[in-house]
Amino acid sequence: MPVKIYNTLTRKKEILKPIEPGHIKLYVCGITSYDYCHIGHARSALAFDMIVRYLRYTGNKVTYVRNFTDIDDKIIARAAEQNSSTEELANRFIDEFYVDMDRLGVDRPTMEPKATEHIQEMIDLIAELIDKDMAYPASGDVYYSVNSFKGYGKLSGRNLEDMQAGARITVNENKTNPMDFVLWKASKPGEPSWESPWGPGRPGWHIECSAMSRKYLGSTFDIHGGGQDLIFPHHENELAQSEGANDKPFVNMWIHHGFVTIRDEKMSKSLGNFLTIRDILDHYHPEVLRFFIFSTHYRNPLDFSEAAMQDAMAGLDRLYNCIAAIDALKAEGLDDAVPLAGDKDRKKIEGLEQRFQKAMDNDFNTAQAQGSLFEAVKVMNKILRQLPENAATADLDLLRSGAATVRKLAAIMGILEEDAASYLAGKKAAMLAKTDISEAEILELIQKRNQARKDKDWALSDQIRDTLLEKEIELKDGPDGTAWSVKRG
RNA sequence: GGCGGCGUAGCCAAGCGGCUAAGGCACUGGUCUGCAAAACCAUGAUUCAGCGGUUCAAAUCCGCUCGCCGCCUCCA
């Protein structure tokens, strides 16, 4: 089945047809490394991680390039503040980025070029644009002439007149047209700089991606991705540079994901309402964050809140509980027993993969795909609940293959990747650590209470239970004794 | 001001012209229990911001109104 993707350029969902059949080339704008990453960066990394995993799952080879912007104004400013070199600062936050990505279980892209290692490619590209009269040097800077590119504005759906009308652009006398943007920036004294035909300086932000994508993926490639805030000016300018220089379509499809918001406002450094990835990971299992992020379609805004994370945690637990129960099933079944699962149940479980694919093929609809997982889990839970001591082999097989499929598909979103029993145990231990009672004390009180229950001393029994409850410990009396858990929330 | 998006049950969230409008969380009822809790099961929108229109048929297409958000400056 074909994968359909919403293409920002055409504003339509289109069937993905790789230029080279079976091999998809993807470029994503990575971070500017001058600070810790926030949840918005996590959403970006996770969205494309999921997209790449799904495209590979459908049998494609994917070459995934994600760059690092390791030289720009912010890095220079921050390095100056911290009395460090730009290189030191950028590399430090690249390392911190990897710490976060590893904790989130994000797969590494095929290639991760750094801007500072591709200055020559950028200079070459700028020279080509100057040769074609699409760019001009001025006082050590080089500018791209937007009037020289007919398609300028086609990605963001704007035209030059409108943009100039609502202009909030600082006046720059070097520019011929106020909308022209910088390709090469002359360096001020003390700033890091590279030699160029136009004097010492550094590249503009947009040219980096044009140069690096061309080097690793060619003049035309399949998909270019990033956050919605990059559509203009960054991607618009990249497109103008690349198509201007190469005279070929730059990319076939543009994928842009939505923002993470807090109280419905965009999370951003300037608003100061951001939470770093490690803030979140200190309080939540990485899979909870993944589950939360994939509970909304990637193009829609995603509002972060504690309540939403609690919901996500509860949902993830539900999936893990089902898997754990199936893992714990006794090995042997009765071959001649009548199976509990009816045709409808069987179809629901066996049709899971198809429904999941249908959701994902439709512009990576992870929210719907999660729904298909829950539908299968619901049926499996129903069977599990009714399962007799000596279950039919057919039922056991159905449950086990169902659980295996759930895990396989969930892995595309990077969830249910832990052993279910250890996830649940780990979670319990983590929660216990936050209470002021030890497991030994709990077990002792449980023993006391069970003696009281044996004596039918319900008052004492209830009192012990209430005492534990005050310490956030809940009890569960079952046929095999009394189990305990830490209260949620 | 220009461009774009969103508004679906208490909350979150799918649905993109036609089966009973997915799913999760919460609530309520049930199974279980000495009573509970947990877990599991069941239940909820005659209706998709409002008003018009197109169509045999609309949450889905078109127009208008109201509300919210984003981009137009570095930004995932």
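Numbered from 1 within each chain, the chains take letters A, B, ... in sequence-line order.
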For A:Asn67 against A:Gly30, the heavy-atom pair lying closest together
OD1-N, 3.0 Å
Check whether any side-chain N or O of A:Arg43 sits under 3.5 Å from a backbone N or O of A:Phe259 as a donor-acceptor pair, and report yes or no.
yes
Looking at B:G34, does its base get a donor-acceptor pair with the side chain of A:Asp462 below 3.5 Å?
yes
Determine whether the aromatic ring centres of residues A:His256 and A:His235 are separated by less than 6.0 angstrom.
yes
Once you apply a heavy-atom cut-off of 4.0 Å, does A:Ser461 come out as touching a base, just sugar-phosphate, or nothing?
base
Sugar-phosphate only, base, or nothing, as touched by A:His257 at under 4.0 Å among non-hydrogen atoms
base
Compare the minimum distances between each of B:G23, B:C35, B:G15 and the side chain of A:Arg449, then state the nucleotide with the smallest one.
B:C35
Students often get this wrong, so: under 4.0 angstrom with heavy atoms, is A:Phe232 touching a base, only sugar-phosphate, or nothing?
sugar-phosphate
Rounding to an integer number of Å, can you tell me how far A:Leu468 CG sits from B:A37 P?
16 Å
Per A:Ala367 side chain, nearest of listed nucleotides B:A42, B:A13, B:A36:
B:A13
Classify the side chain of A:Arg43 versus the base of B:A76 as yes if they form a donor-acceptor pair under 3.5 Å and no if they do not.
no
Between A:Phe250 and A:Phe221, does the ring centre distance come in under 6.0 Å?
yes
With centres under 5.5 Å and planes under 30°, do A:Trp458 and B:G34 count as stacked?
yes
Pairing string of RNA chain B (Watson-Crick or G-U wobble, both atom distances under 3.5 Å; | = paired to other strand) is ((((((((.[[[..)..(....]]]..((((.......))))......[[[[[..)....]]]]])))))))....
Sugar-phosphate, base or nothing in reach of A:Asp303, heavy atoms under 4.0 Å:
nothing
Indicate whether OP1 or OP2 belonging to B:C16 is found under 4.0 Å from a side-chain N or O atom of A:Asn362.
no
Decide yes or no on ring-ring contact (aromatic ring centres under 6.0 Å, His included) for A:Tyr423 and A:His285, but give the supporting numbers first.
CA-CA 9 Å; A:Tyr423 170 86; A:His285 190 283; 5.0 Å; yes
With distance as the sole criterion, do the side chain of A:Arg465 and the base of B:C35 form a donor-acceptor contact below 3.5 Å?
yes
Is it the case that the ring center of A:Tyr27 lies less than 6.0 angstrom away from the ring center of A:Tyr64?
no
Which nucleotide, B:A37, B:C41, B:A76, lies nearest any side-chain atom of A:Lys266?
B:A76
Answer with base, sugar-phosphate or nothing: what part of the nucleic acid does A:Glu375 contact at a heavy-atom distance below 4.0 Å?
sugar-phosphate
Hey, does A:His38 reach any base, or is it just sugar-phosphate, or nothing, if we go heavy atoms under 4.0 Å?
base
For the rings on A:Tyr143 and A:Phe181, is their centre-to-centre separation under 6.0 Å?
no
